[in-house]
Amino acid sequence: MIKLEDDLHKYLTNIYESTNLKDQIYNSELSLSYDFNKYIVGVYFELGTSEDAAYKNVESLDVHFYAQKKISLFEIVDIFDKALNKKDIDRYWFTHKPVYLIKLKENGLHHWVLSYNVNRY
């Protein structure tokens, strides 16, 4: 899974850079002191094993987006989703989970999560 995480970080970084955002994508939660005024949108991803025992060799990818302004999020989330859903990345196939877009509001921030199943073939 370490190779997949490294490959994903590179791939997601390329997507992030294509959006002209000024920060970077993280592979852990954002700092509590993250500067949304300076960076607008904070993005990080989590990779783990699927909790559903019916699926073997399936990883779970969640890409988290935080912003103070909702409009910023919609455009960025859409760019990431188009680059990830039903894509083959280094012999990994990415597909939406049944509930693939979760929208939350936490502490005055908009928090959206894109969720994917990742299958190795």
Side-chain angles (χ1 to χ4, degrees):
M1 185 156 59
I2 292 172
K3 182 178 178 352
L4 173 58
E5 189 168 352
D6 287 342
D7 291 345
L8 260 176
H9 192 264
K10 290 175 190 170
Y11 187 75
L12 294 173
T13 296
N14 287 338
I15 299 168
Y16 189 88
E17 289 172 354
S18 76
T19 64
N20 294 320
L21 293 171
K22 298 175 185 169
D23 194 26
Q24 63 179 335
I25 189 160
Y26 296 88
N27 59 353
S28 62
E29 289 190 27
L30 299 176
S31 156
L32 293 175
S33 61
Y34 191 83
D35 188 353
F36 289 98
N37 292 322
K38 182 176 180 183
Y39 298 123
I40 313 296
V41 177
V43 182
Y44 73 92
F45 72 96
E46 296 176 311
L47 185 63
T49 56
S50 178
E51 295 177 6
D52 189 343
Y55 297 106
K56 294 186 178 186
N57 300 323
V58 175
E59 305 295 331
S60 176
L61 171 66
D62 292 331
V63 184
H64 296 258
F65 304 84
Y66 282 91
Q68 290 178 332
K69 297 177 183 175
K70 191 174 185 178
I71 188 66
S72 302
L73 271 184
F74 177 75
E75 295 166 359
I76 303 302
V77 168
D78 191 47
I79 290 167
F80 271 81
D81 191 40
K82 286 178 181 174
L84 283 170
N85 189 40
K86 296 184 180 175
K87 297 293 188 249
D88 173 15
I89 303 167
D90 193 27
R91 298 188 60 206
Y92 288 96
W93 183 250
F94 292 77
T95 55
H96 283 149
K97 288 185 178 181
V99 176
Y100 69 92
L101 179 59
I102 302 166
K103 300 176 190 177
L104 307 166
K105 190 153 185 184
E106 302 170 1
N107 302 324
L109 296 172
H110 296 278
H111 176 194
W112 290 15
V113 184
L114 284 173
S115 293
Y116 301 91
N117 287 317
V118 183
N119 297 287
R120 175 130 180 128
Y121 63 91

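Just so we're clear, the structure is a prediction, and the values are computed from it rather than from any experiment.
Surrounding CZ of Phe74 are at most 12 heavy atoms belonging to other residues, nucleotides or ligands under 6.0 Å away.
Not a single donor-acceptor pair under 3.5 Å links the side chain of Asn117 to the backbone N or O of Thr95.
One hydrophobic cluster holds both Val63 and Tyr39 under the rule that ILVMFWY side chains link at heavy-atom gaps under 4.5 Å. Residues Tyr92 and Tyr11 share a single hydrophobic cluster, defined by chaining ILVMFWY side chains whose heavy atoms lie under 4.5 Å apart.
Between the CD1 atom in Ile76 and the CD1 atom in Ile15 there is a gap of 11.5 Å [rounded to 0.5 Å]. Put simply, CG on Leu12 and CG on Leu61 are 6.5 Å apart, with the number rounded to the nearest 0.5 Å. Once rounded to the nearest 0.5 Å, the distance linking CG of Leu21 with OH of Tyr16 reads 4.5 Å. The CG atom of Leu84 sits 4.5 Å away from the OH atom of Tyr116 when rounded to the nearest 0.5 Å.
Residues satisfying the side-chain contact (heavy atoms from CB on, under 4.5 Å) criterion with Asn37, sequence neighbours excluded, are Asp35, Gln68. In this view, Ser31 and Ser33 satisfy the side-chain hydrogen bond (donor to acceptor under 3.5 Å, both in side chains) rule, not counting sequence neighbours. Phe65 meets the ring pair (Phe, Tyr, Trp, His ring centres under 6.0 Å) test with Phe80; sequence neighbours excluded.
The salt bridge (Lys or Arg N to Asp or Glu O under 4.0 Å) contacts involving residues 81-94 comprise Lys3-Asp90, Asp78-Lys82, where partners must be two or more places apart or lie in separate chains. Identified under the salt bridge (Lys or Arg N to Asp or Glu O under 4.0 Å) test for residues 16-33, with sequence neighbours left out: none.
In this structure, Asn27 and Tyr44 have side chains that are not in contact, with every pair of non-hydrogen atoms separated by 4.5 Å or more. Proximity of His9 to Ile25: side-chain heavy atoms (C-beta onward) are separated by under 4.5 Å at one or more points. Put simply, the side chain of Thr49 reaches to within 4.5 Å of the side chain of Glu59, judged on heavy atoms. Using a 4.5 Å heavy-atom cutoff, the side chains of Val77 and Leu114 are in contact.
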Output, in order, the C-alpha distance, side-chain angles, deciding distance and verdict of ring pair (Phe, Tyr, Trp, His ring centres under 6.0 Å) for Tyr34 and Phe36.
CA-CA 6 Å; Tyr34 191 83; Phe36 289 98; 4.8 Å; yes

Going by atom type alone, with no hydrogens or angles, which donor-acceptor pairs under 3.5 Å involve a side-chain atom of residues 97-108 and a protein atom two or more places apart or on another chain?
unit_1: Lys97; atom_1: NZ; unit_2: Ser60; atom_2: OG; d: 2.4
unit_1: Glu106; atom_1: OE1; unit_2: Tyr66; atom_2: OH; d: 3.4
unit_1: Glu106; atom_1: OE2; unit_2: His111; atom_2: ND1; d: 3.0

